[in-house]
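Dropping a structure here in structure tokens format, bear with me for questions.
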Amino acid sequence: MSFRKPGKRSIGWLLLLVLMIPLIAACGASATPTATVASTPATGGEPTAAATTAPTDDTAAATPTEAAAATEAPTAGNADDYLVFGGSGEPDSLDSMDTTTGTALIVTRQIQESLLGFKPGTLDVQPELATKWEPNADSTEWTFTLREGVKFSDGTDFNADAVVFNFQRLFVPDFEFGFRAEGKQYNIVPDIFGGYAGDANSAFKEVVAVDPTTVKFVLTRPVPLLPSYLAASYFGISSPEAVKAAKEKYGSPEVGGVGTGPFKFERWDAGQSITLVRNEDYWGDKAKMPGVVVRFIAEAPQRLAELEAGTIDFTINLSADSRDKIASSAELQVVDLTPFNIAYLSLNINNKPFNDVKVRQAVAYAINKQEILDASYGGVGSIADDFLPDGLSDYRPSDLESYAYDPDKAKALLAEAGYADGFSTMVLTDGTELPLELWYMPVSRPYYPDAKSVAELYAAQLSDVGIKVELKTEDWGVYLDNWDAGLKNGMVMLGWTGDYGDPNNFLFTHFGPGNADEAGYANEEVWKLLADAGGATTPAESIKLFQEAGKLINTDLPRIPIVHAPPVLAAKKSLQGWVPNPTGGESFAPISITK
Amino acid sequence: MLGYIFRRLLGIIPVLLGISLLVFTLLRTIPGDPAIIILGERSTPEQRAALRTKLKLDRPLYLNFEGGNVFESQYVTYITNFATGDFGDSIKTRQAISKELKERFPATIELALSALLIAVVVGVTTGVVSATKRGSLLDAGSMIVALLGVSIPIFWLGLMMQYLFSVKLKWLDPSLRLDTSLHGTFKPITGLYLLDGLLLGRFDIFTNAFKHLIMPSLALATVPLASIARMTRSAMLEVLYQDYIRTARAKGLSARITILRHGLRNALIPVITVIGLQLGFLLGGAVLTETVFSWPGIGRWLLDGILARDYPVVQSGVMFVSLVFVLINTLVDISYRFFDPRIQFK
């Protein structure tokens with residue numbers, strides 16, 4: 001008997017394992033946690049809030065064993081009474097300014113408050129750490145009056161210096177306490193402000209402390225929507241002393257975050273959960289429960305199972321088909337949230353015949369959105385006439401063409417365009433003729449919970465007017481990469497979830513210059529209108545310009561808006577006071593539960 | 001014997017060197033510059049350059065032929081640091097990798113050992129019973145079950161178990177190693193919570209950890225169980241028809257003693273090989289089981305490291321897992337001597 005043989009065999013297996021590394025890496029290429037920036041125009045459709053199957057950041061964590069385990073018991077209340085939230089993944093950091101993932105921001109919102117917040121359940125701005133805010137005549141300077149007597153949970157004072165410190169960290173590339181060379185990123189800044197201080201396109205000039213309770217933002221151009229931006233969770237204010245002490249490790253599992261919020265960071269158990277305890281010195285209404293445990297549960301079926309088992313109290317991003325099951329349960333409730341997303345079908349304008357606007361409009365008339373809503377979304381949600389969700393309906397043109405289902409009109413338009421018998425191929429720019437492709441996403445997102453079934457409906461409806469498609473899909477990472485690179489031809493299904501109350505978060509993101517490559521739509525008039533609308537000095541003018549741009553997009557129709565789908569949120573029936581925000585940035589303080 | 005052990009241990013070094021070279025090269029073949037991944041695509045070239053210098057990614061890859069110390073290269077630094085026990089810091093969490101390993105690995109060990117325990121006890125018993133009752137309904141039945149064990153996706157099995165035992169019956173907890181309310185109420189000694197519970201006299205922790213461990217270890221046990229059962233059966237069948245078994249029976253030994261002492265003992269070598277291999281696999285982390293049961297083990301940790309291009313985590317993590325794997329196989333080889341005295345090591 002040879003006793004060497006097993007050894008050799010095992011090494012072979014080991015090599016095989018090692019060789020799988022690049023495969024795994026390739027599969028997850030664009031799904032890396034750092035890539036889930038909701039508002040990056042370049043990644044056409046990987047929103048923050050849509051973290052259902054987004055990567056979990058297991059590695060982000062490691063228990064502060066020594067430090068935290070020494071704390072024998074939680075500081076307040078009984079740990080059995082803590083709320084348990086089923087989060088959809090592990091945060092990458094608890095430094096609110098240095099993360100863009102929804103799984104992290106929902107936690108930082110409880111710890112670090114922003115200057116402004118959202119009124120419960122809406123996109124309307126309300127006071128948080130600032131009590132008053134005022135622009136100058138052309139919105140290039142904004143003055144914020146700060147709340148007095150507020151302290152960070154480490155006992156240091158919240159004042160104008162603290163605010164300036166935080167925004168210098170965020171905006172000023174060579175700021176001493178920015179720790180950029182050590183890896184801090186502040187990725188959200190270019191997305192919202194066009195660049196950091198000193199960059200050519202940056203809207204930000206400086207932030208100054210006028211007196212201990214007044215700060216002034218000086219901008220390079222009018223930014224009428226500054227309050228909406230600053231209400232987002234990205235701009236949570238941290239204790240300067242905590243940042244200076246922890247340096248680049250601020251926000252990491254061993255340090256956590258320190259802010260003024262209703263909860264304080266207590267511990268972070270690698271791969272499992274983050275525990276927050278009530279801030280007993282909170283300036284506002286104190287949290288109803290003594291603490292919150294945020295669990296990391298990446299998969300939607302898992303979250304549902306834990307909710308049904310009673311091990312979590314409330315959760316987000318469940319699949320659409322679980323809605324009925326939850327609603328009929330004796331112990332659970334569906335928690336409603338106005339949809340703040342868009343599911344769309346993009347047509348590649350570089351391909352014939354989609355270069356003809358009549359063909360694009362014909363496709364829109366051929367699609368029966370109501371049938372899709374009923375079949376794939378349980379009839380819940382609203383049919384989309386344009387990209388803006390209902391929360392931003394003020395900016396919607398009043399005379400939108402809704403392209404309501406009308407197969408006859410579709411056929412007539414096709415005939416006008418020279419395709420009376422329909423078509424089944426597409427011609428690329430280099431003259432190659434290929435079967436017409438319709439790409440559906442391999443993953444589930446709140447806007448397309450079951451992309452394949454919707455794709456099959458599209459195919460059937462299009463076939464009724466003579467358009468024959470071939471359904472295709474591929475690995476999600478490759479799907480997004482190819483989309484970004486403009487390599488996806490034919491029709492492509494994608495969607496978007498917004499993260500702050502700005503029409504450009506939907507419009508510029510999809511029809512701006514950064515998106516011309518994806519499917520060939522480049523209308524400079526639209527670009528200018530959107531940029532001007534974002535910088536308009538009065539709300540009325542901003543609305544007017546957005547509506548003009550919306551009208552052009554509505555006619556050009558490079559991407560067909562389909563539905564605004566409500567995400568499925570659920571809680572135990574005994575849970576009260578949870579008012580989810582469309583941006584995912586609500587406080588857990590008012591939530592209570594009888595255990 | 002000692003010489004053999006020494007030579008085997010020495011043989012680990014080239015294996016690890018080979019693996020390190022492979023991991024190192026593969027990681028650098030994957031597209032994606034860690035500096036861009038860490039700093040974001042909007043970072044300035046200066047910021048990226050500064051970070052590359054800090055992470056020593058600006059050094060030559062294998063050997064430095066650009067003047068200066070020839071060993072001042074990324075690969076040599078990696079190898080020498082690993083050899084001296086310096087695993088580096090995770091790029092993503094900015095924590096020491098040794099610290100993360102210390103937290104993650106005990107979770108994996110606890111799960112792997114309990115799964116293996118179930119697999120060995122049930123697998124060997126099933127194997128022996130089916131071999132002795134060859135061709136019976138019991139044999140066919142248990143081999144079908146073994147086949148199912150290999151074929152059923154763990155992910156599905158885990159979900160079904162959760163549904164039955166957590167959602168419907170509410171007997172067991174669907175995930176984690178402990179209830180979250182027990183987190184932070186004790187200072188782990190070994191990191192194996194069952195053991196810690198006993199050592200600290202905290203029986204609430206012991207029973208709670210046990211309840212949390214049942215489902216994941218049962219789910220994970222199905223795979224090694226099936227191979228152990230089938231391997232035991234075939235090895236037993238081979239042995240049971242040997243002359244010495246007939247002799248044993250002829251001299252009046254009971255069937256039980258013959259099968260266990262003369263049969264099983266001789267059939268053990270291939271079974272132990274399988275068990276050793278399986279343990280090596282299990283200690284490398286069980287990504288699917290860890291995902292379904294939110295188990296904070298090493299499998300997901302490594303997977304996420306790969307996804308985030310966390311070079312130090314993947315390099316040190318894979319080396320660590322490989323070291324464990326190779327060590328266990330060496331131990332298995334050495335253990336043959338104790339199960340079969342005929343084997344002589346030279």
Side-chain angles (χ1 to χ4, degrees), chain A residues 1 3 6-7 10-11 14-15 17-18 21-22 24-25 28 31-34 55-63 65 68-73 79-80 82 84 92 180-181 183 185 187 190 248-249 252-254 267 269-273 275 293 296-298 301-302 305-306 308-311, chain B residues 15 19 22-23 26-27 29-30 37-40 42 47 50-51 54 90 92-95 99-100 103-104 159 162-163 166-167 170 173-176 180-181 183-188 269 273 277 280 284 291-292 294 296 300-301 303-308 310 313 318 322 325 329 333 336 343:
Chain A
M1 178 175 293
F3 46 79
S10 59
I11 288 167
L14 196 56
L15 286 181
L17 278 177
V18 173
I21 293 175
I24 299 170
T32 49
T34 43
T56 52
D57 308 345
D58 267 24
T59 51
T63 331
T65 323
T71 325
E72 272 301 313
D80 287 332
Y82 287 11
V84 185
D92 51 353
R180 284 170 157 77
Q185 301 181 46
N187 266 330
E248 77 272 16
K249 295 204 175 192
S252 74
E254 39 188 327
R267 53 185 290 116
D269 292 285
Q272 306 178 67
S273 60
T275 307
V293 175
F296 320 139
I297 312 169
Q302 235 75 46
E306 298 245 1
E308 290 180 305
T311 44
Chain B
V15 173
I19 288 166
L22 207 60
V23 175
L26 282 175
L27 262 182
T29 326
I30 307 172
I37 286 171
I38 299 160
L39 293 172
R42 285 178 196 75
Q47 287 169 354
L51 185 70
K54 185 168 180 279
S90 157
K92 194 162 138 233
T93 64
R94 305 181 185 115
Q95 299 197 105
K99 183 174 182 308
E100 301 201 342
E103 287 158 8
R104 296 280 183 152
L159 278 176
Q162 279 179 339
Y163 185 73
S166 306
V167 175
K170 299 205 196 291
D173 295 286
S175 60
L176 296 183
T180 47
S181 57
H183 287 174
T185 60
F186 70 106
K187 193 172 160 68
I269 293 293
T273 307
L277 270 179
T291 305
V292 176
S294 304
R300 282 205 62 92
W301 179 70
L303 182 73
D304 290 333
I306 295 173
L307 292 178
D310 202 333
V313 163
V318 171
S322 309
F325 192 96
N329 273 285
D333 283 2
Y336 292 161
I343 293 175

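By convention in this document, chain letters (A, B, ...) are assigned in the order of the sequence lines, proteins followed by strands, and residues within each chain are numbered from 1. Bear in mind that the values here come from a model prediction, so they are computed numbers and not experimental data.
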What residue, out of B/V292, B/D173, B/T291, has the most heavy-atom pairs lying under 4.5 Å from chain A?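 Looking at each option in turn, the highest pair count goes to B/V292.
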
Which of the residues A/E308, A/Q302, A/E248, A/K249 is involved in the greatest number of heavy-atom pairs with chain B at under 4.5 angstrom?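 Among A/E308, A/Q302, A/E248, A/K249, the one with the most close pairs to chain B is A/Q302.
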
With chain A as the partner, which of B/L159, B/L176, B/T180 has the greatest number of non-hydrogen pairs under 4.5 Å?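 Most heavy-atom pairs within the cutoff with chain A belong to B/L176.
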
Closest approach of B/P174 to A/A309 (non-hydrogen atoms, all atoms of both residues):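 That closest heavy-atom pairing would be CG-CB, 4.1 Å.
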
To the nearest 0.5 Å, what is the distance between NE2 (B/H183) and CZ (A/R267)?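 The NE2 atom of B/H183 sits 7.0 Å away from the CZ atom of A/R267.
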
At a heavy-atom distance under 4.5 Å, which candidate from A/V84, A/T311, A/T275 has the highest pair count against chain B?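 Answer, by heavy-atom pair count under 4.5 Å with chain B: A/T311.
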
Between A/E306 and B/S175, is any side-chain donor less than 3.5 angstrom from a side-chain acceptor?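 Result is yes, a qualifying pair exists.
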
